[in-house]
Amino acid sequence: MSGEPPSTKRASWRRWLTWGVILAVLGGGAFWFMRPQPKDPSAGLELADVQRRTVEARVTATGTLSALVTVQVGSQVSGRIQEILVDYNSPVKKGQVIARIDPQLLQAALERAKANLLSARANVQRARVEAENARRQAERAKTLRAQQFIAQQDLDTAEATAQAAQAQVTSAEASLAQAQAALNEAEVNVRYTTIVSPTDGIVISRSVDVGQTVAASLQTPTLFTIAEDLAKMQVDTSVSESDVGRLKDGMPTTFTVDAWPGQNFEGVIRQIRNAAQTVQNVVTYDAVIDVKNPDMKLKPGMTANVNITTARAENALTVPNAALRYRPPAPPPSAAPGAKEGRPGRPSAAPSTPPPPGSKTVYVLRDGRPTPVPVKAGVTDGSYTEVEGELNEGDRVITGQSAGAPGAAGAQGGGQRPGGGGMGGGMGGGRGRGPF
């Protein structure tokens, strides 16, 4: 080595120097990229901004449209349908003839009743003549008895005959009244063969055809169904018992029907009926909604999807409902009192002091740490809730933790915590996902 020329030594030294510089640069770059990175305080947390918006609390229900007054027109008498003068959707007026039943049998009964009435009148006349004759004989017998021409027994017989004849007159007059009543009934039955509309309206249903025989002996058959006025209708909705306490008469409502998608119709609650309806142990109440139908778009029997606004808050400070349900995980059992707090960004345990009565707690990310803030909850629409408290618009509230974050299982109500029993994990899950 000592025998090498100076130029060779300088070249070797430069080569080693070059490799040293390269290794130093590579080492410095590796150190730079592998150095510990500062942890993001919000890592593993699901956050949402506190915003102002309009919140509406609503009750949803389904119902069926129907006319305010629906009349079922039936037949008082039995017989064969002879004529039908109206059809579906026919407008009718009160007293208008809409159908006729063949009156031949009832007309024959009417003629028979008239004949019976004439016979009853003749019987009354005969009974009166016989009674008058018996009265005269009794008077004559009384005169003869006064002159001692007949026995007392003959006088008694004559007077009894006169009284019996008078009773026969009364019986004949009663038969005459019965015959008159039968005649009136037969006349009414004949008039009932003409079916008339009991109200102004429109025919929405026809249940018979010409030639069909209707039998009214057991129950009145329905021939037509007439809606009085389809320009004014009603919706009978089934409201669950958990929501009926939030409804009041006069509340405005909106609803949609499948026949007109995208169009909202308006109505007003007229009555909340007290009669409960129980189907498969589910209790509902009928809320009757008045609806105007001037353009006749709505038809009886349509299904209405009703939205009833029970409360409204405009420009309200709101948080997601998940923020009201969120609770941080409890510290592990090994964490003794006075131990060091967790690293920034990991949720701390819930505060030891409970929130004031009637308030709830949300966790706000402040200075890199979740901070509990008591709030008073107001109107909710199921997704966002109006809140009052030490919150400002733009604050970031915690709504949950990602699955891979430390303590996420406890915060979301997952399985057992280390060192804890299954009871704690189950209770945590109920609080994390249940209704607030």
Side-chain angles (χ1 to χ4, degrees), residues 64-125 172-234 236 288 290-302:
T64 304
L65 279 158
S66 63
L68 287 179
V69 178
T70 302
V71 182
Q72 294 182 340
V73 182
S75 173
Q76 290 284 96
V77 296
S78 302
R80 181 177 60 86
I81 300 296
Q82 185 181 56
E83 186 179 13
I84 294 178
L85 303 176
V86 295
D87 204 349
Y88 290 92
N89 299 339
S90 298
V92 294
K93 297 292 184 181
K94 183 177 181 179
Q96 177 182 340
V97 178
I98 58 178
R100 287 189 175 91
I101 296 176
D102 188 355
Q104 294 184 26
L105 292 178
L106 297 176
Q107 191 69 39
L110 175 62
E111 296 299 330
R112 183 169 59 252
K114 289 180 178 179
N116 292 337
L117 180 62
L118 293 176
S119 176
R121 286 175 178 173
N123 291 335
V124 170
Q125 186 66 24
E173 290 176 346
S175 297
L176 176 62
Q178 290 179 351
Q180 183 65 54
L183 176 62
N184 294 338
E185 181 181 1
E187 290 176 345
V188 170
N189 287 338
V190 170
R191 288 197 298 268
Y192 277 150
T193 60
T194 301
I195 310 299
V196 298
S197 174
T199 183
D200 296 343
I202 185 171
V203 178
I204 61 176
S205 175
R206 175 174 63 84
S207 305
V208 292
D209 292 307
V210 174
Q212 183 176 342
T213 300
V214 295
S217 57
L218 299 179
Q219 62 181 4
T220 302
T222 300
L223 308 183
F224 302 91
T225 301
I226 299 177
E228 188 172 277
D229 185 8
L230 291 182
K232 297 178 181 179
M233 304 185 69
Q234 69 181 27
D236 293 290
V288 184
D290 285 334
V291 178
K292 293 183 179 180
N293 186 30
D295 48 7
M296 297 296 176
K297 289 185 176 180
L298 303 175
K299 300 183 182 300
M302 285 185 173

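- With rounding to the nearest 0.5 angstrom, the CD atom of Gln212 is 8.0 Å from the CD1 atom of Ile84.
- Between Lys232 and Asp290 there is no salt bridge, since no side-chain N of the basic residue sits under 4.0 Å from a carboxylate O of the acidic one.
- Minimum interatomic distance between Gln76 and Tyr192 (heavy atoms only, all atoms of both residues): CB-CD1, 3.5 Å.
- The backbone N or O of Thr199 lies less than 3.5 Å from a partner atom in the side chain of Ser197, making a donor-acceptor pair.
- With Asn293 contributing its side chain and Leu298 its backbone, the two residues share a donor-acceptor pair below 3.5 Å.
- Minimum interatomic distance between Thr193 and Pro103 (heavy atoms only, all atoms of both residues): OG1-CB, 3.9 Å.
- Of all heavy-atom pairs between Ala179 and Ala120, the closest is CB-CB, 3.9 Å.
- Side-chain contact between Asp209 and Ile81 is absent, with no heavy-atom pair separated by less than 4.5 Å.
- The shortest non-hydrogen separation linking Ser75 to Val214 is OG-CG2, 4.2 Å.
- Separating the NZ atom in Lys299 from the CG atom in Leu230 is a distance of 8.0 Å, to the nearest 0.5 Å.
- Atom CG of Leu106 and atom CD of Glu185 lie 10.0 Å apart (nearest 0.5 Å).
- Side chains of Ser78 and Thr213 form no contact here, defined as non-hydrogen atoms less than 4.5 Å apart.
- Side-chain atoms of Leu68 and Asp229, non-hydrogen and from C-beta on, never get closer than 4.5 Å to each other.
- Around the CD atom of Gln104, the shell of radius 6.0 Å holds no more than 12 heavy atoms that belong to other residues, nucleotides or ligands.
- Distance CD1/Ile226 to NZ/Lys94: 12.0 Å, rounded to 0.5 Å.
- Residues Gln180 and Arg121 have side chains in contact (heavy-atom distance under 4.5 Å, counting atoms from C-beta outward).
- Using a 4.5 Å cut-off on side-chain heavy atoms (C-beta onward), Leu117 and Leu176 make contact.
- Counting only distance, with no hydrogens or angles, the side chain of Arg206 and the backbone of Val208 share a donor-acceptor pair below 3.5 Å.
- Within the model, atoms OG1 of Thr194 and CD of Gln82 stand 9.0 Å from one another, a figure rounded to the nearest 0.5 Å.
- When all heavy atoms are compared, the tightest approach of Ala227 to Ile204 is CB-CG2, 4.0 Å.
- Counting only heavy atoms from C-beta outward, the side chains of Gln96 and Asp200 never approach each other to under 4.5 Å.
- For Ile202, the CD1 atom counts as densely surrounded, since its 6.0 Å shell holds more than 12 non-hydrogen atoms of other residues, nucleotides or ligands.
- Looking only at side-chain heavy atoms (C-beta outward), Gln107 and Leu110 come within less than 4.5 Å of each other.
- Within the model, atoms OG1 of Thr225 and CD of Gln72 stand 5.0 Å from one another, a figure rounded to the nearest 0.5 Å.
- For the residue pair Ala99 and Phe224, the shortest heavy atom distance occurs at CB-CE1, 3.9 Å.
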